[in-house]
Amino acid sequence: MALFPTYNRFDLSVKTASGTIVEDVSGKKYIDFGTGIGVCNLGHRHPEVQKAIEEQLNKYWHVSNLYKNPIQEDVAKVITENSACDNVFFCNSGAEANEAAIKLARKVTGKDKIITFNQSFHGRTFATMAATGQEKVKTGFGPMLESFTYATFNDIESVKKAIDGKTAAIMLEVVQGEGGVIPANEDFIVDVQQLCKDQNILLIVDEIQTGIGRTGKKFGFEHYGLEPDIFTLAKGLGNGLPVGAMVAKKEYAADFGPGTHGSTFGGNPLAMAAAKAVLRVVFNDSFLQEIAIKADYLRSKLESEIKPLPTVKEIRQKGLMVGIECQENAGSYVPLLMEKGVLVLNAGQNVIRLLPPLTTTTEEMDQVISLIKETLEEVK
Ligand SMILES: *Cc1c(COP(=O)(O)O)cnc(C)c1O
């Protein structure tokens, strides 16, 4: 095999995918409740997104950021009209969006220290790897970029202790995704925002997994009434086309002036066409209400069917972002579920993570819950 062995890949090669269903080369079908790690939030090849991409494919594929790009402006307008931020920088991935956020925070404040949290995940580039609060991501790559400090999630005292005169920003996920689907406590996050305001520290919210409808709101921070100074998007924004975005308040626009930052592919027209269609579908009150209804249904099913199982320790959920924490390592459940025709993810050590498409149906949720139940019962 000519690829780096960077991924422990399952023996599954996709032939086609549509909506929630993925079909492999042998013709076996799977219900996809992993959505390519929270990317295909509208299901595979959502017709409106597909149409937008096809139309753009017939116009042009790439223009340099040396020229105007009306589709970027359209997408940026929708994102900023729906948040308290005003300017968007487009890039191609989550890590790049966080990288841009970290650079901007340093430039704006003239300070270099960024506080992040244990179990956080912010990416794999040099700065975002250092920002990530997980040792396994860093092993062998040291020394890390300095000036990142890690506080304890949901513990405001640890944040207070970490702040000093050099602190530029606090960066967090409102629900830690890779770390195990751990939602922030309301009090904690409101206190963090207050600390930031009081001490002139920027609040950066990493919405890469929680954004674009995943938690039942346009952005996860809306659950907490937060107004971040900077937030980042990626995963669900393009529904499968690579795109990232760093979004910030207008006061910082001049710090990212001409020549300060850039990306050849950032804001690629095909990715922008996809993002524009995604936002048209997701940023719609009735669509968002539907997500909340589905999330409630899923919560009640999880509560009645999965929670009572002896292997299950705790279930955590925000919208259609679900973590089933097991008593022991949950790694073995993923291939067992795959055999039964369900794709799910792990998070942390002991957590089965579900990121169903926001377009999923009650029938699909019923099927998945019953197969998870069957699998967890077989093991114990
Ligand atoms: C996936 C993820 C990232 C990294 O995104 P990439 O596109 O893989 O670089 C960063 N932060 C969070 C919260 C994520 O879930």
Side-chain angles (χ1 to χ4, degrees), residues 4 6-8 34-41 89-105 114-134 136-138 141 145 148 150 153 169-184 189 203-215 217 219-221 223-224 226 228 230-247 263 265-268 271 274-275 278 316 318-323 344-348 351 353-356:
F4 268 106
T6 38
Y7 309 101
N8 245 329
T35 47
I37 319 192
V39 168
C40 301
N41 281 6
F89 174 83
F90 286 112
C91 49
N92 313 285
S93 69
E96 278 178 64
N98 285 338
E99 194 80 24
I102 292 163
K103 282 179 73 173
L104 182 64
I114 311 237
I115 298 171
T116 63
F117 292 88
N118 295 325
Q119 303 109 231
S120 62
F121 184 79
H122 298 295
R124 303 254 190 192
T125 60
F126 237 86
T128 61
M129 167 175 69
T132 293
Q134 299 187 41
K136 66 174 189 213
V137 169
K138 309 179 187 187
F141 297 113
L145 261 190
F148 286 91
Y150 315 94
F153 201 56
I170 298 176
M171 177 159 154
L172 54 80
E173 303 154 86
V174 293
V175 183
Q176 290 189 324
E178 303 304 312
V181 189
I182 305 165
I189 217 158
L203 177 61
I204 305 174
V205 178
D206 178 340
E207 285 279 343
I208 289 162
Q209 195 160 144
T210 48
I212 321 295
R214 173 52 59 194
T215 68
K217 302 272 189 195
F219 308 111
F221 57 71
H223 289 283
Y224 304 91
L226 289 192
I230 302 175
F231 66 94
T232 52
L233 299 168
K235 294 201 165 91
L237 180 57
N239 208 58
L241 265 71
V243 56
M246 188 274 289
V247 191
S263 161
F265 289 126
N268 170 272
V278 165
R316 296 182 290 267
K318 202 90 181 165
L320 287 176
M321 187 169 179
V322 174
V344 300
L345 303 161
N346 281 128
V351 178
R353 177 173 38 153
L354 309 181
L355 298 173

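In listed order, ligands and their atoms are each counted from 1.
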Please report whether ligand 1 has a polar contact with [X], defined as an N or O pair separated by less than 3.5 Å (distance criterion only).
X: F121; answer: yes
X: A95; answer: yes
X: G94; answer: yes
X: Q209; answer: yes

Report, in ascending order of atom number, the atoms of ligand 1 lying under 4.0 Å from any heavy atom of N98. 10 (C), 11 (N)
Provide the number and element of each atom of ligand 1 under 4.0 Å from a heavy atom of S93. 7 (O), 9 (O)
Check whether [X] reaches the backbone of [Y] with its side chain - one donor and one acceptor, N or O, closer than 3.5 Å.
X: T132; Y: H122; answer: yes
X: H223; Y: T215; answer: yes
X: R124; Y: M129; answer: no
X: T35; Y: N41; answer: no

Among T116, T128, D206, the one residue meeting side chain to side chain donor-acceptor pair (under 3.5 Å) with N98: D206
Could you tell me whether R214 and E207 make a salt bridge, using a distance below 4.0 angstrom between a side-chain N and a carboxylate O? no
With sequence neighbours excluded, tell me which residues meet side chain to side chain contact (heavy atoms under 4.5 Å, CB included) with A275. V75, L237
Under 4.0 Å, heavy atoms only, figure out whether ligand 1 is touched by the backbone of T232, its side chain, both or neither. neither
At under 4.0 Å between heavy atoms, is it the side chain or the backbone of E173 that contacts ligand 1, or both, or neither? side chain
Please list the nearest protein heavy atom to atom 11 (N) of ligand 1 with its residue and the distance rounded to 0.1 Å. D206 OD2, 2.7 Å
Counting non-hydrogen protein atoms only, what is the nearest one to atom 15 (O) of ligand 1? Give residue, atom name and distance. K235 NZ, 2.6 Å
Which residues pass the ring-ring contact (aromatic ring centres under 6.0 Å, His included) test with F121, not counting sequence neighbours? none
My question is simple, although I want it checked carefully: is atom 6 (P) of ligand 1 less than 4.0 angstrom from any protein heavy atom? yes
